[in-house]
Q: 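Here it is: the structure, laid out below.
We number each residue from 1, following the sequence as shown.
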Amino acid sequence: MDRRTFLKRAAQVGAGAAIVGAGGGIGGRLLLQRSRRPWDDSVFPPPGRVRVAVVKAASYQADLEGIVLAGLREVGAEVAGRSVLLKPNLVEYDPGTAINTDPRLVAATVLAMRRLGASSVTVAEGPGHRRDVQYVVAASGLLDALREVEAPFVDLNAAALVRRPLHSRFTDLRELWLPEPVMEADIVVSMPKMKTHHWAGVTLSIKNCFGCVPGRVYGWPKNVLHWAGLTEAVVDVGAAVRPHLQIVDGIVGMEGNGPIQGTAVPAGLLVFGTDPVATDVTAVRLMGLDPSRVPSLVAAARFLGQGDPDRIHQAGEDVERSVVDFAVLPQFAGLRAGAAPGAGGGVDAGPA
């Protein structure tokens, strides 16, 4: 998809003519019909050219530490002397599915960050689906994996909080209570699973930031954000967390009725970036879907990162030759690249 096509389709979404239906979120708003700029220009300067790397990884038995190290270097990740917080996608545990960011990838990333000179590496998550976070951490194998690399885990649903005003205003929330470990980390790394989503269509590095919002304040599954309009909240939360780095786990992704009950897809890919919009645009394309048809991603591309494919330098594998078509639910048929406008879509979002 060239730049002209992306911008044309993004404009269609902005006019409510593509996949944004009459709902636009539980609050009934049309996300992209606002003519004003609901963000502070002084906080979000226009993005320039960015670099995203697509790297093959055949399985979780591969040399993941070496692959992650190479991918981070490819996108120019600078972590030496800095505190790093890894935020994986940890939703629920079911041994028969591929719900979560694989623990082996998380552990390998801990080691890679240390090799790059990080002063500390912490893994943290605040699942919205299970209140018993320790159960999910243990059952998923993440606890054992982190013990092997001597890395701490922080439950973001229980961590101390700080109040932060929002610098984007797609919801009416005005502020968020966010965990101190997230706000105090020098580098936040969003590590989502490459998945489809039964409400949002897809869930990637921006949506993954929902796990930074504490359930003890915003409910399960983050009900306050649902009431504010979930698609809008995806944008505001992503802009508040603003992850510095992204690593998308597409070694085995999930298609169909994600983010929990979908089917595993062995895509054999990892996506690395320093811009959450550009990284998600690339990941969506790799899934055989059209990023200009994902409302939250189009909104984020207005201010949070680079959504113009012509200004995203793709390193590593060629995106067009690496596409693995992910099945989507019928209501999201319009997300498929090449689908006719109005073929189907959705705007709400739930558990990551």
Side-chain angles (χ1 to χ4, degrees), residues 55-72 77 79 83-130 132-159 179 181-182 185 187-195 203-205 208-209 211-212 243 245-254 259-260 264-272 351-352:
V55 181
K56 284 186 178 180
S59 74
Y60 295 107
Q61 285 73 44
D63 175 19
L64 292 181
E65 180 183 345
I67 293 172
V68 171
L69 185 64
L72 291 171
V79 304
S83 59
V84 174
L85 184 142
L86 306 181
K87 197 285 178 191
N89 184 204
L90 187 66
V91 183
E92 180 60 275
Y93 177 66
D94 182 340
T97 63
I99 297 172
N100 306 312
T101 307
D102 194 278
R104 290 164 289 188
L105 177 62
V106 178
T109 303
V110 171
L111 298 176
M113 290 294 180
R114 289 173 180 164
R115 287 178 63 180
L116 289 173
S119 61
S120 65
V121 186
T122 299
V123 178
E125 168 68 303
H129 193 249
R130 271 260 186 177
D132 189 348
V133 177
Q134 293 305 314
Y135 165 78
V136 182
V137 176
S140 66
L142 181 59
L143 183 61
D144 288 339
L146 296 184
R147 282 174 176 166
E148 290 183 7
V149 296
E150 298 181 344
F153 177 84
V154 174
D155 178 359
L156 297 180
N157 283 328
V182 175
I187 303 290
V188 175
V189 186
S190 182
M191 298 185 65
K193 196 73 163 175
M194 185 181 286
K195 294 189 292 186
T203 174
L204 294 162
S205 66
N208 188 47
C209 294
C212 296
L245 296 171
Q246 307 84 42
I247 304 173
V248 180
D249 177 9
I251 297 176
V252 177
M254 178 183 281
I260 297 173
V265 181
L269 297 169
L270 292 171
V271 186
F272 298 84

Q: To the nearest 0.5 Å, tell me how far S140 OG sits from D94 CG.
A: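 Here the interatomic distance stands at 12.0 Å.
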
Q: Output the distance between atom CG (L270) and atom CG (L105), rounded to the nearest 0.5 Å.
A: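 Between L270 CG and L105 CG, I get 5.5 Å after rounding to 0.5 Å.
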
Q: Which residues pass the side chain to side chain contact (heavy atoms under 4.5 Å, CB included) test with A264, not counting sequence neighbours?
A: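 Side chain to side chain contact (heavy atoms under 4.5 Å, CB included) check on A264 returns A98, V252.
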
Q: According to salt bridge (Lys or Arg N to Asp or Glu O under 4.0 Å), who are the partners of D155, at least two apart in sequence or on a separate chain?
A: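 Not a single residue meets the salt bridge (Lys or Arg N to Asp or Glu O under 4.0 Å) criterion with D155.
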
Q: Side-chain polar contacts of residues 61-70 - donor-acceptor pairs under 3.5 angstrom, sequence neighbours left out - could you list them?
A:
| unit_1 | atom_1 | unit_2 | atom_2 | d |
| --- | --- | --- | --- | --- |
| Q61 | OE1 | S59 | OG | 3.4 |
| D63 | OD1 | G66 | N | 3.1 |
| E65 | OE2 | R115 | NH1 | 3.2 |

Q: Got a second to check how far M191's CE is from S205's OG, nearest 0.5 Å?
A: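 It comes to 11.5 Å.
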
Q: In chain order, what residues pass the side chain to side chain contact (heavy atoms under 4.5 Å, CB included) check against V154, with sequence neighbours excluded?
A: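 Side chain to side chain contact (heavy atoms under 4.5 Å, CB included) list for V154, sorted by chain: T122, A124, L156, A159, P181.
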
Q: For D144, check salt bridge (Lys or Arg N to Asp or Glu O under 4.0 Å) against everything at least two apart and list the hits.
A: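 D144: salt bridge (Lys or Arg N to Asp or Glu O under 4.0 Å) contacts with R147.
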
Q: Listed by chain and number, what are the side-chain hydrogen bond (donor to acceptor under 3.5 Å, both in side chains) partners of S119, not counting sequence neighbours?
A: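 Residues passing side-chain hydrogen bond (donor to acceptor under 3.5 Å, both in side chains) with S119: none at all.
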
Q: Partners of C209 by side chain to side chain contact (heavy atoms under 4.5 Å, CB included), sequence neighbours excluded?
A: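 Scan of C209 (side chain to side chain contact (heavy atoms under 4.5 Å, CB included), adjacent residues dropped) gives V237, V241, P243.
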
Q: For Y60, what residues pass the side-chain hydrogen bond (donor to acceptor under 3.5 Å, both in side chains) criterion, not counting sequence neighbours?
A: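 Y60: side-chain hydrogen bond (donor to acceptor under 3.5 Å, both in side chains) contacts with K193, D249.
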
Q: Write out all pairs satisfying side-chain hydrogen bond (donor to acceptor under 3.5 Å, both in side chains) with one or both partners inside residues 98-113, taking only residues at least two apart or from two chains.
A: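 Qualifying pairs, neighbours excluded: D102-R104.
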
Q: Listed by chain and number, what are the salt bridge (Lys or Arg N to Asp or Glu O under 4.0 Å) partners of R114, not counting sequence neighbours?
A: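 Partners of R114 under the salt bridge (Lys or Arg N to Asp or Glu O under 4.0 Å) test: none.
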
